[in-house]
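Below, chain A is the first sequence line, B the second, and so on; all start at residue 1.
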2 protein chains.
Amino acid sequence: MNSGPGLRERKKQRTRNALLRAALELFTTKGYEETTVDEIAEAVDVSQRTFFRYFANKQEAVFAVQEMVEARFVEVLRERPAHETPLVALREAVLGAWEAMGQSIEEVVPVELHMSTYQMIESTPSLLAVHMRRSIETEDEVARVIAEREGLDMETDPRPRVAVAAFSGVMRVTGRLWGAGEDTSLESIRELTGQYLDHLGPALAQDWHTR
Amino acid sequence: MNSGPGLRERKKQRTRNALLRAALELFTTKGYEETTVDEIAEAVDVSQRTFFRYFANKQEAVFAVQEMVEARFVEVLRERPAHETPLVALREAVLGAWEAMGQSIEEVVPVELHMSTYQMIESTPSLLAVHMRRSIETEDEVARVIAEREGLDMETDPRPRVAVAAFSGVMRVTGRLWGAGEDTSLESIRELTGQYLDHLGPALAQDWHTR
DNA sequence: TTGTCAACTGTCAGTCGCTGTCACTAATCT
DNA sequence: AGATTAGTGACAGCGACTGACAGTTGACAA
């Protein structure tokens with residue numbers, strides 16, 4: 001008889017969002033390593049223990065939003081028309097995911113804050129490390145989607161993995177260069193991505209089924 | 001009048017090697033997270049503080065040998081004949097570096113232990129993360145070497161970075177698959193690498209200067 | 001040989017990330 | 001309303017890591 005989630009659920013969501021936002025705010029202003037979990041908890045006025053009930057560790061807070069974006073990317077990729085070559089589909093999916101991000105993320109955290117977070121990740125060694133690991137975990141899933149699209153068996157045919165690995169490599173380079181640059185706009189990273197992928201395209205875009 | 005390094009230097013080297021070996025031995029047998037720095041120090045009979053004077057952190061001990069291999073890889077790459085295409089040079093350099101490894105590593109740590117370490121890295125999330133980060137740091141240096149070989153300016157021409165990124169992506173996939181497999185031999189990883197790179201080869205091997 | 005200096009080390013105290021436990025409160029179910 | 005269960009705070013404890021200080025020991029000159 002109740003519309004939507006109950007009071008308890010809403011309260012939980014509010015606490016989580018408050019923690020997330022406070023964490024990102026602190027991380028991006030005074031630095032990740034320099035921010036203690038105690039400070040985050042204090043900013044939201046909960047105990048340190050509560051923070052760890054919402055996030056398994058300090059890092060998890062950093063990547064909570066990225067998580068959403070990645071999930072969205074895979075989702076968009078699955079929806080790409082079957083006639084597109086793997087690389088084209090991948091390319092359009094990334095650009096599409098960033099497009100959609102603007103709308104869906106804002107509810108949790110300002111996009112501006114998310115972009116700052118991304119740059120912080122790129123410039124914080126320990127976070128960059130986790131970012132990389134997360135990437136390869138996604139990579140496997142993406143390779144599976146590609147293999148499916150092309151009707152190939154991923155276990156016997158290395159091409160899906162190889163192509164996705166190459167694609168991901170390029171994605172990381174662009175992310176890194178963007179993070180090191182000045183222009184923090186969403187537009188600039190989309191442009192850079194497109195440009196870099198275009199260089200890989202001619203090399204990998206030929207149809208796998210004609211040879 | 002004295003041949004070689006002094007007593008102090010030798011003693012230092014011995015302590016470091018002992019720590020390194022004890023650490024890897026413990027890591028690979030009882031697991032990385034399950035091994036405390038205290039245990040490592042105790043195994044070598046020094047204080048915990050001394051361990052941290054040789055290694056900035058627990059992870060650094062894990063990657064000490066990898067560091068040598070990577071340095072060797074870059075070295076071999078620089079020596080590859082100029083007429084080879086970038087991808088061929090990269091390919092031969094990896095295989096060559098592993099070849100040379102057998103000889104140069106044994107002085108510090110048994111090769112067998114090093115291979116186990118590699119597999120442990122692949123199966124330990126926090127270590128895999130660091131491994132990834134280290135990879136991209138090497139990537140930049142490798143891209144520089146490639147750009148130099150081809151007489152290109154890395155700042156204006158994205159191709160060196162893109163090619164190296166794609167190459168590195170494939171390298172990581174092979175390393176991951178090898179780590180997950182059964183065959184722990186040096187030979188098996190070399191074979192897997194060659195095989196996987198062959199799939200990227202046809203796509204990226206064309207000479208950059210003819211078009 | 002001896003004394004001085006600098007490098008290397010051990011000890012101790014302390015911070016921070018993270019986990020387990022337990023008791024208490026408040027939302028949900030019956 | 002009473003029982004159940006989720007969410008929380010307080011506290012204790014572990015392990016990685018750091019800073020400060022003092023003791024020891026090679027290196028090197030007098």
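Interatomic distance, B/Arg176 CZ to A/Glu139 CD, rounded to the nearest 0.5 Å: 7.0 Å. Taken to the nearest 0.5 Å, the CD atom of A/Glu92 stands 13.5 Å off from the CD atom of A/Glu79. For the atom pair B/Arg80 CZ and B/Leu90 CG, the distance stands at 10.5 Å (nearest 0.5 Å). To the nearest 0.5 Å, atom CZ of residue A/Phe51 and atom OG1 of residue A/Thr15 are 13.0 Å apart. Atom OG of B/Ser126 sits about 9.0 Å away from atom CD of A/Gln59, to the nearest 0.5 Å. Taken to the nearest 0.5 Å, the CG atom of B/Leu127 stands 11.5 Å off from the CE atom of B/Met132.
No more than 12 heavy atoms of other residues, nucleotides or ligands lie within 6.0 Å of CD in B/Glu148, so this atom counts as exposed by the packing criterion. No more than 12 heavy atoms of other residues, nucleotides or ligands lie within 6.0 Å of CD in A/Glu67, so this atom counts as exposed by the packing criterion. Other residues, nucleotides and ligands contribute over 12 non-hydrogen atoms within 6.0 Å of the CD atom of A/Gln195.
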All N/O donor-acceptor pairs, side-chain side in residues 117-125 of chain A, below 3.5 Å, sequence neighbours left out:
unit_1, atom_1, unit_2, atom_2, d
A/Thr117, OG1, A/Leu113, O, 2.8
A/Ser123, OG, A/Gln119, O, 3.1
A/Ser123, OG, A/Met120, O, 3.2
A/Thr124, OG1, A/Met120, O, 2.8

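Within residues 40-49 of chain B, the residues approaching DNA chain D are B/Gln48, B/Arg49, by heavy-atom distance under 4.0 Å. Listed by residue number, A/Thr35, A/Thr36, A/Val37 are the residues of residues 21-38 of chain A with a heavy-atom contact under 4.0 Å to DNA chain C. Proximity of residues 50-65 of chain A to DNA chain C (heavy atom under 4.0 angstrom from any strand atom) is restricted to A/Phe52, A/Arg53, A/Ala56, A/Asn57, A/Lys58.
First and last contacts of DNA chain D with chain A, using any nucleotide atom under 4.0 Å from a protein heavy atom and ordered 5' to 3', fall at D/dT5 to D/dA10.
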A/Asp38 and A/Thr36: CA distance, side-chain angles, deciding distance, side-chain hydrogen bond (donor to acceptor under 3.5 Å, both in side chains) verdict: CA-CA 5 Å; A/Asp38 282 319; A/Thr36 67; 4.9 Å; no
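A search for side-chain hydrogen bond (donor to acceptor under 3.5 Å, both in side chains) contacts involving B/Glu191 returns nothing, not counting sequence neighbours.
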